Amino acid sequence: MDAHDLITRNVEEVVTEVEVEALAEDPEGRRVYVGYEPSGVLHLGHLLTANKLIDLQEAGFEVVVLLADVHAYLNDKGTFEEIRETAERMQAQFLAYGLDEERTEFVLGSEFQLDEDYVLDLQALALETSLNRAQRAIAELQSGQTAKVSHVLYPLMQALDIEYLDLDLAVGGMDQRKVHMLHREELPGIGYEARPCLHTPIVADLATGVGKVSNTGSRILLSMEDSTEEIEEKVGGMYCPPTRDPGPDGEGNERHNPVLQLFQYHVFPRFESVTVERPEEYGGNVTYGSYDELADALDGGELHPQDAKNALAAYVDELVAPGREKLAELRA
RNA sequence: CUUUCCGUGGUCCAGACGGCCAGGACACCCGGCUGUAACCCGGGAGGCGCAGGUUCGAUCCCUGCCGGAAAGCCCA
């Protein structure tokens with residue numbers, strides 16, 4: 001796989017193609033980042049962007065992981081002390097998951113976001129940006145809650161981080177695209193150059209298959225701390241019609257097949273092939289060399305959802321195991 | 001600081017004259033149906049912000065407190 005394919009595989013949006021193609025010409029030593037609000041336990045959502053970072057690392061990029069403690073603080077996630085503690089655990093889990101320690105730089109937001117230059121640029125950006133524009137870029141805001149001033153500061157800082165971390169590329173889920181667009185539109189206004197961005201897809205709700213909507217926190221959440229048994233149980237409960245393309249639900253919400261999505265975005269990028277173990281009664285073991293082969297088999301009825309789930313649970317377990325051990329170690 | 005409005009299961013809402021088991025939707029848990037899940041069917045857990053007062057009796061009326069929202073200037 002060449003650099004460009006590696007950079008853009010499983011990506012939902014590339015902003016812009018031209019800029020990213022230019023990066024792909026000579027990726028060695030380029031800097032890319034993802035920012036995360038520190039969270040004690042990684043879940044599959046984190047790992048989706050982490051997979052992209054691993055791809056980019058393989059393509060020659062230097063990876064910066066921003067542990068956004070100040071952002072978490074602005075989002076009312078606790079005291080700085082608590083937040084930094086979870087940031088440390090988060091870092092350990094990312095390394096256990098497979099980020100190359102030699103080529104990954106972990107940066108705490110507070111290391112530079114409180115510097116005078118940064119703060120003054122933040123004021124400049126605040127002067128440039130309409131309240132409405134900033135408010136629309138806020139990623140997560142509880143439905144009933146009223147926006148606080150901290151909430152509009154949040155996206156402005158994200159935009160500025162990309163400059164201050166001296167990056168060549170920004171990565172985030174589709175939920176971050178508004179922030180990235182704010183960055184691209186407003187940063188030139190204060191004298192900086194906008195950077196290209198990659199947006200990874202957002203996997204549908206594991207329990208219902210509904211995409212985009214909900215965000216109320218799914219019933220099923222697969223995380224680094226799940227035991228093998230918990231993973232089997234959770235995967236067993238996932239929504240999985242025997243098709244690639246489930247129709248909309250009763251309310252007209254678009255649905256996806258999250259079991260297939262996990263194979264596509266989490267399993268195949270990290271394994272050469274996938275072997276589904278099945279009793280003879282159901283046709284015996286089968287091996288798929290690509291996501292499409294597996295998805296076609298499910299869609300065509302040759303692969304039963306239960307068997308697909310059994311295999312998925314086994315692979316997810318393998319992906320999560322190193323991080324799970326690391327967590328146990330940290331807690332001991 | 002002052003005024004007004006609001007505070008019912010996890011969430012969003014009902015509720016009455018003060019008394020009758022405080023209802024519903026969605027979510028959640030258990031079981032059935034499916035070789036998975038969903039759908040469907042059956043069952044279940046869970047609530048009146050706090051403290052006083054009035055009353056035979058308060059989730060409902062009164063006072064205070066806590067918490068949330070909006071307003072305060074000019075036009076008058």
Side-chain angles (χ1 to χ4, degrees), chain A residues 39 41 43-45 74-79 131-132 135 138-152 201-223 225-268 274-288 291 293-320:
Chain A
S39 141
V41 178
H43 55 69
L44 252 45
L74 288 174
N75 224 350
D76 201 18
K77 294 292 165 65
T79 65
L131 193 55
N132 183 24
Q135 210 158 347
I138 300 171
E140 53 174 309
L141 190 61
Q142 314 283 16
S143 58
Q145 302 296 316
T146 348
K148 301 245 180 69
V149 176
S150 64
H151 287 125
V152 305
I202 301 294
V203 169
D205 184 292
L206 302 186
T208 65
V210 173
K212 295 178 182 175
V213 198
S214 86
N215 75 43
T216 336
S218 175
R219 177 161 58 94
I220 302 178
L221 191 67
L222 287 165
S223 82
E225 67 181 347
D226 288 333
S227 66
T228 302
E229 295 70 34
E230 282 169 325
I231 290 170
E232 285 167 354
E233 191 185 321
K234 290 180 182 181
V235 170
M238 283 174 65
Y239 174 70
C240 187
T243 39
R244 280 185 93 135
D245 184 24
D249 69 8
E251 279 128 35
N253 296 315
E254 194 184 328
R255 279 189 296 192
H256 303 274
N257 188 322
V259 169
L260 288 181
Q261 288 187 320
L262 295 195
F263 271 114
Q264 180 175 8
Y265 300 122
H266 291 280
V267 179
F268 277 101
V274 167
T275 297
V276 176
E277 296 187 13
R278 260 184 331 198
E280 288 305 322
E281 177 191 355
Y282 295 132
N285 297 359
V286 256
T287 296
Y288 301 100
Y291 165 70
E293 276 179 47
L294 185 150
D296 284 341
L298 184 89
D299 198 55
E302 296 117 53
L303 177 63
H304 190 279
Q306 180 66 74
D307 296 319
K309 283 182 176 181
N310 293 343
L312 180 63
Y315 282 95
V316 169
D317 185 55
E318 200 172 323
L319 286 171
V320 157

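None of the values given here were measured: they were computed from a predicted structure. Proteins get letters first, then strands, A, B, ... in listed order; numbering begins at 1 in each. Both backbone and side-chain heavy atoms feed into the values below; hydrogens, waters and symmetry mates do not.
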Could you say whether Arg278(A) or Glu233(A) is positioned toward the 5' end of RNA chain B, judged by the nucleotide with the nearest heavy atom to each?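 This one resolves to Glu233(A).
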Do you see a donor-acceptor pair shorter than 3.5 Å between the side chains of Asp317(A) and Thr228(A)?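 A donor-acceptor contact under 3.5 Å links the two side chains.
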Starting at [atom1] of [X] and ending at [atom2] of [N], how long is that distance when rounded to a whole Å?
X: Glu302(A); N: rG35(B); atom1: CD; atom2: P; value: 19 Å
X: Leu303(A); N: rG35(B); atom1: CG; atom2: P; value: 16 Å
X: Leu298(A); N: rG35(B); atom1: CG; atom2: P; value: 16 Å
X: Lys148(A); N: rG68(B); atom1: NZ; atom2: P; value: 8 Å
X: Arg255(A); N: rC39(B); atom1: CZ; atom2: C1'; value: 9 Å
X: Lys234(A); N: rC28(B); atom1: NZ; atom2: P; value: 14 Å
X: Asp205(A); N: rA38(B); atom1: CG; atom2: P; value: 12 Å
X: Met238(A); N: rA38(B); atom1: CE; atom2: P; value: 12 Å

Could you tell me the Watson-Crick or G-U partner of [N], where both distances fall under 3.5 Å? Say none if there is no partner.
N: rG35(B); result: none
N: rG7(B); result: rC66(B)
N: rC74(B); result: none
N: rU59(B); result: none
N: rA22(B); result: none

To check you understand the geometry: which heavy-atom pair defines the closest contact between Ser150(A) and Leu74(A), and what is its length?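 Shortest heavy-atom separation between Ser150(A) and Leu74(A) comes out as OG-O, 3.0 Å.
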Are side-chain heavy atoms of [X] and [Y] found at a separation under 4.5 Å?
X: Leu298(A); Y: Pro305(A); answer: yes
X: Asn310(A); Y: Glu277(A); answer: no
X: His151(A); Y: Asn75(A); answer: yes
X: Met238(A); Y: Leu312(A); answer: yes

Say you pick atom [atom1] in [N] and the same atom in [M]; how far apart are they, in whole Å?
N: rA14(B); M: rU54(B); atom1: C1'; answer: 28 Å
N: rC33(B); M: rU59(B); atom1: C1'; answer: 42 Å
N: rC12(B); M: rA27(B); atom1: P; answer: 15 Å
N: rC17(B); M: rC73(B); atom1: C1'; answer: 46 Å
N: rC39(B); M: rG72(B); atom1: P; answer: 48 Å
N: rC50(B); M: rG68(B); atom1: C1'; answer: 15 Å
N: rA16(B); M: rG57(B); atom1: C1'; answer: 15 Å
N: rG35(B); M: rG23(B); atom1: P; answer: 39 Å

Contact class for Asn310(A) (heavy atom, under 4.0 Å): base, sugar-phosphate, or nothing?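 Answer is nothing: Asn310(A) stays at 4.0 Å or more from every strand.
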What nucleic acid atoms does Pro242(A) come within less than 4.0 Å of, heavy atoms only: base, sugar-phosphate, or nothing?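 It contacts base atoms.
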Is_stacked (Tyr282(A), rG35(B)) at 5.5 Å, 30 deg: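 Stacked: ring centres under 5.5 Å, planes under 30°.
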